[in-house]
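Worksheet: the structure to be examined is printed underneath.
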Number of protein chains: 2
Amino acid sequence: MTTRKRRPSGEASREHILSIALGLFREKGFDGTTMRDIAAAAGLSLGAAYYWFPSKEALVLAYYARQQDAHAAASREALERLPDLRSRLGAVMHAKLDMLKEDRKLLRAILRSTLGADEPTSVFSAETSEVRGQAIAIFLDAIGKDESVPEDARPLFAQALWTLHLGLLLYFVNDTSEDQTKTRALVDGSLDLVCNLAPPMLGPMRAEITALLQNAGLFAAKK
Amino acid sequence: MTTRKRRPSGEASREHILSIALGLFREKGFDGTTMRDIAAAAGLSLGAAYYWFPSKEALVLAYYARQQDAHAAASREALERLPDLRSRLGAVMHAKLDMLKEDRKLLRAILRSTLGADEPTSVFSAETSEVRGQAIAIFLDAIGKDESVPEDARPLFAQALWTLHLGLLLYFVNDTSEDQTKTRALVDGSLDLVCNLAPPMLGPMRAEITALLQNAGLFAAKK
DNA sequence: GTCTATATCCGGATAGAC
DNA sequence: GTCTATCCGGATATAGAC
């Protein structure tokens with residue numbers, strides 16, 4: 001971040017282009033929207049659009065950051081209010097789905113470039129590690145100080161929940177049921193399972209599971 | 001399939017193009033290989049390549065079919081020989097990784113267009129339902145008549161294993177450890193867990209889990 | 001530093017001639 | 001069935017206006 005707060009013309013253009021682009025993405029999908037469309041709709045030249053966003057991908061990265069902020073804001077109140085783990089997790093997940101439900105078409109298109117770690121827009125990439133960390137932090141907040149999860153297992157559990165949430169999002173964007181009720185049921189059912197499995201997880205299998213996740217090291221500290 | 005067995009020039013061209021294309025994909029990745037490259041390497045014009053494969057995607061679909069046949073063949077012997085569920089599942093999974101280990105770069109590129117159900121090359125699409133069914137069938141064969149899985153739960157369990165296998169493949173293609181030893185450990189650890197969880201799954205939570213998967217209906221009969 | 005205009009490259013895809 | 005020519009859109013480059 002620079003010291004200056006905001007330049008009147010410059011940053012405004014950037015915001016303007018992003019808003020226009022997201023609108024077009026929602027309307028016509030990602031591939032269906034050309035950079036020429038975006039520039040024209042924003043009342044700028046192609047060159048100007050590329051000046052602010054060096055690629056179509058860069059618009060997606062900006063979109064991630066925006067959604068992540070929105071999700072954190074939407075979750076905050078529930079996280080402070082709700083007393084138990086299960087309902088906090090439900091609130092977090094459903095808040096995310098509510099936020100994304102108009103964007104399923106866009107998300108399907110984005111998903112195509114979202115799962116190979118060497119793609120910049122991948123949810124596993126270095127470029128998205130900050131957003132990813134913030135997303136995992138919401139789950140950590142949801143776990144809070146719940147006694148059913150021992151303190152030293154909380155970061156790992158948050159990462160596992162984030163992974164679960166990815167799987168649910170994958171189902172969500174492809175869900176053809178009315179209002180995606182199937183996804184809602186899947187969220188509730190899988191969270192029930194996870195929360196019911198948590199107690200045994202403290203018992204005999206805990207070391208095993210912890211070692212497994214730790215060894216996988218999907219979420220090693222970002223360099 | 002048509003009635004004719006094989007046209008000397010035609011089908012041969014098709015096979016030839018596919019082989020050349022897969023070689024280039026392995027070497028330079030999917031995006032790094034152009035249809036012009038493929039056509040040139042195969043000694044044909046661009047138009048001729050498109051005559052046999054209407055899109056780059058079509059080459060991917062043909063690749064799936066080939067790999068599926070190879071995996072079924074590689075698994076068959078172990079399925080007949082190994083006496084217990086756990087070792088059959090391990091053999092099936094490791095056979096798949098052995099088969100795909102030279103293709104991780106290609107797979108990462110393909111993955112990008114592999115998870116939105118409306119993409120033809122998606123693992124969930126109608127276009128791939130036949131290959132998908134064959135892949136699930138291998139897991140069904142691996143379950144066999146094992147008593148730890150009640151007969152009526154076997155199809156569902158096979159589908160769940162296939163889903164697990166997708167997650168493992170996602171990890172596999174991004175695995176940077178030497179010889180992907182981390183993936184191998186993750187395969188063994190998660191299969192141990194699944195097989196240890198199977199007995200409790202027969203008990204109190206069985207109805208719950210079954211209902212959850214059934215309701216999700218990811219694998220509804222192909223129309 | 002912000003932007004226009006234009007020309008150009010590249011690769012997937014298609015049309016139509018032979 | 002195979003070819004050449006062409007279109008389209010993402011991306012880059014450049015020269016210059018303010």
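Values below: all heavy atoms of this structure, side chains included; hydrogens, waters and symmetry mates excluded. Worth saying up front: this structure is predicted, and the values here are computed from it rather than measured.
Counted by atom type alone, Tyr63(A) and Gln67(A) present one or more donor-acceptor pairs between their side chains at under 3.5 Å. Residues Asp179(A) and Thr181(A) bring no donor and acceptor atom of their side chains to less than 3.5 Å of each other.
Scanning for salt bridge (Lys or Arg N to Asp or Glu O under 4.0 Å) contacts around Glu77(B) gives Arg81(B), with sequence neighbours left out. For Arg76(B), there are no side chain to side chain donor-acceptor pair (under 3.5 Å) partners, not counting sequence neighbours.
Here Tyr51(B) does not reach the OP1 or OP2 of dT2(D): none of its side-chain N or O atoms lies under 4.0 Å away.
Note that Lys182(B) lies outside the cation-pi zone of Tyr171(B), set by a 6.0 Å cut-off to the ring centre and a 45° limit from the axis. Geometric assessment of Arg132(B) against the ring of Phe124(B) yields a negative cation-pi assignment under the 6.0 Å and 45° thresholds.
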List, with names and distances, any nitrogen or oxygen atoms from the protein found under 3.5 Å away from nitrogen or oxygen atoms belonging to nucleotides 11-14 of chain D.
unit_1	atom_1	unit_2	atom_2	d
dA11(D)	OP2	Tyr50(A)	OH	3.2
dA11(D)	OP2	Lys56(A)	N	3.3
dA11(D)	N6	Arg36(A)	NH2	3.4

Grab the N/O contacts between the protein and nucleotides 16-18 of chain D below 3.5 Å, and write none if there aren't any.
none

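No option in Arg88(B), Arg154(B), Gln159(B), Met93(B) other than Met93(B) meets the side chain to side chain contact (heavy atoms under 4.5 Å, CB included) test with Phe139(B).
A straight line from NE2 of His16(B) to P of dT2(D) spans 11 Å, rounded to a whole angstrom. Put simply, CG on Asp31(B) is 11 Å from P on dG11(C), counting in whole angstrom units. At whole-Å resolution of the value, CH2 in Trp52(B) and C1' in dG1(D) are 7 Å apart. At whole-Å resolution of the value, CZ in Phe53(B) and P in dG12(C) are 15 Å apart.
Remark: Gly43(A), Leu44(A), Ser45(A) in residues 38-45 of chain A come within less than 4.0 Å of DNA chain C through at least one heavy atom.
The salt bridge (charged side-chain N to carboxylate O under 4.0 Å, His left out) pairs that include a residue from residues 32-53 of chain A are Lys28(A)-Asp37(A), where partners are two or more places apart or lie in different chains.
A pairwise comparison of heavy atoms in Asp192(B) and Arg86(B) identifies OD1-NE, 2.7 Å as the closest pair. The minimum heavy-atom distance linking Leu89(A) with Ala142(A) is given by the pair CD2-CB, 3.8 Å.
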